[in-house]
Every structure is written in C-alpha cells, then in structure tokens.
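Here's the structure, in structure tokens; my notes come after.
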Amino acid sequence: MLDQLKIEVCAANRSLVDHDLVTLTWGNVSGIDRQSGRVVIKPSGVDYHDLMPEHMVVVDLDGNRIEGELNPSSDTATHVWLYRNFSAIGGVTHTHSRYATMYSQCRREIPCLGTTHADHFHGPVPVTRPLTESEVAQAYEANTGKVITERFADLDPIAMPAVLVAGHAPFAWGPSAKKSVENAVALEAVAQMTLGCQQIMAGQQDNAVPRLEAYVLEKHYQRKHGPDAYYGQAKSSS
Ligand SMILES: O=C(CO)[C@@H](O)[C@H](O)COP(=O)(O)O
C-alpha cells in the first residue's frame, strides 16, 4: 500500500516544477494512508528532478521517521499536524508560489472575485495570525499547523482547501496528494488574477474591487461539490 503512495507522492512533488509553483526546493507534498496512519513526504532539500519513489520518507502522525534514509521535509511537523486535525484530507501541498506568497507576506486574504475562485474555494482564502516569538522558538513548524487549525475553528477544510500563513506562504490540501497539488495550482491562479483585478481597480475613481455575489458562489461551489456539499466536519483531536 505504501509503495503505491510513494509513487503518487513522488509524482505530485515532481509536478510542482511543471506547474511553476516552486523555486529551488521551496515546496513539499505529502500523502497519508489513513488505514496505517503513515504519512509519505518528500525528503528535505532534494532537487525535484532527482526525486524517485524510493527517496520518499515515511513518518508517523507525530512526525517520527519510520522508513527512509533521507531526512523528511523541514515542514513535516506542519503536514502531520494538519492530518491529525483535518480528518477528511488525504494530501497536503506547501509551496512558496509567487502570488499566493505575496498575499501571505502582506497578511491579506484573497477575496472571492469570480467563479474561478468559487469553483475551488468557498469564500475568501483566509490568512492566519502570525506566530508569536515563543511559538517560533519552541516549535516553528508544529505551531504553523496550530495557527492554521486555529484559523479554521469556524471554517471547513473541505470547503476551503487552502490557507495563507502570515509572513510565510500557502498550504493547500485535498483528498489525495495529487488533488492537493491541483488546489495549490488553483490557489496560485486566483491569487494572480485577484492581484491583477486589484491593480486594475486601483486606478479607478471607485476603486472597490467587486466581490462575487454570494448566490453565484453557492451555485458554483455546489455545481462542483454537489447540491448537498458538506461544509462541516468533526475535527479529530490533534
Ligand atoms: O517553508 C520552507 C522554508 O521557509 C520550506 O518549504 C523549504 O523551502 C522547503 O523545505 P524542504 O521540504 O526541502 O525541507
């Protein structure tokens, strides 16, 4: 079972380059086998072009390495925090993709301006609070997961499969490693289009950027996720 997951996670990491979501090794994808509770993640600092399934690292839900010679991604603690708290997700993608990272660094949400956004994200893409000095000093990556799940206290990670970490960069997730990459691609696309809209409107007398109407948002989201789209999920304890 994990051999197949290693193949999928390796392919998902390599696809980050094809989607122009990464510079150097600034990104990592993982996937979870919920049956065994094992997470497969990219090794730290390895060039994407050199990645092979056998390089993937297997960790448990506390981030302890179970299998693999290489060190797991430096963001492993964030990935496993998300798997522990968002029970319905199967894959996580973290990148420093340009436009979504600009919004993360400006600490501004990405408003829902159009149907492209609505097809993937049920509302504005939220931004977390910044980590405190002690949170950074104590456990930077785990506390990055903590501020994400804090921000999702009243949000559903199925309806909103992405977040902007203040001062850092985006995380996206989905039912599989591949789907988490797709959500990261969609996030970067809507971030770029939103920035463009804000630049277009900045030069206008009425420079308020029009938000997508709520009834259009609902229609598009339900068209993609079904009329009974499930917005709420019981959160497992971390
Ligand atoms: O967020 C960061 C650094 O800010 C990470 O995404 C690294 O840029 C990639 O780390 P590895 O996955 O190669 O350890």
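None of the values given here were measured: they were computed from a predicted structure. Note that ligands are numbered from 1 as they come in the structure, with each ligand's atoms numbered from 1 the same way. Just so it is clear, the values below take in all heavy atoms, side chains as well, and ignore hydrogens, waters and symmetry mates.
Classification of the His94-Phe171 ring pair by plane angle, with boundaries at 30° and 60°, yields parallel.
With respect to Lys6 and Glu54, no salt bridge is recorded, no charged nitrogen being found less than 4.0 Å from a carboxylate O.
Side-chain N/O atoms of Gln192 and Glu188 include no donor and acceptor closer than 3.5 Å. There is no side-chain donor-acceptor pair under 3.5 Å between Glu141 and His79. Side-chain atoms of His55 and Asp50 form no donor-acceptor pair, as typed in the model, at a separation below 3.5 Å.
Using a distance-only test at 3.5 Å, with no hydrogens or angles considered, no donor-acceptor pair links the side chain of Asn183 to the main chain of Val185.
Contacts of ligand 1 (protein heavy-atom distance under 4.0 Å) are Thr25, Trp26, Gly27, Asn28, Lys42, Ser44, Gly45, Ser73, Ser74, Asp75, His94, His96, His168.
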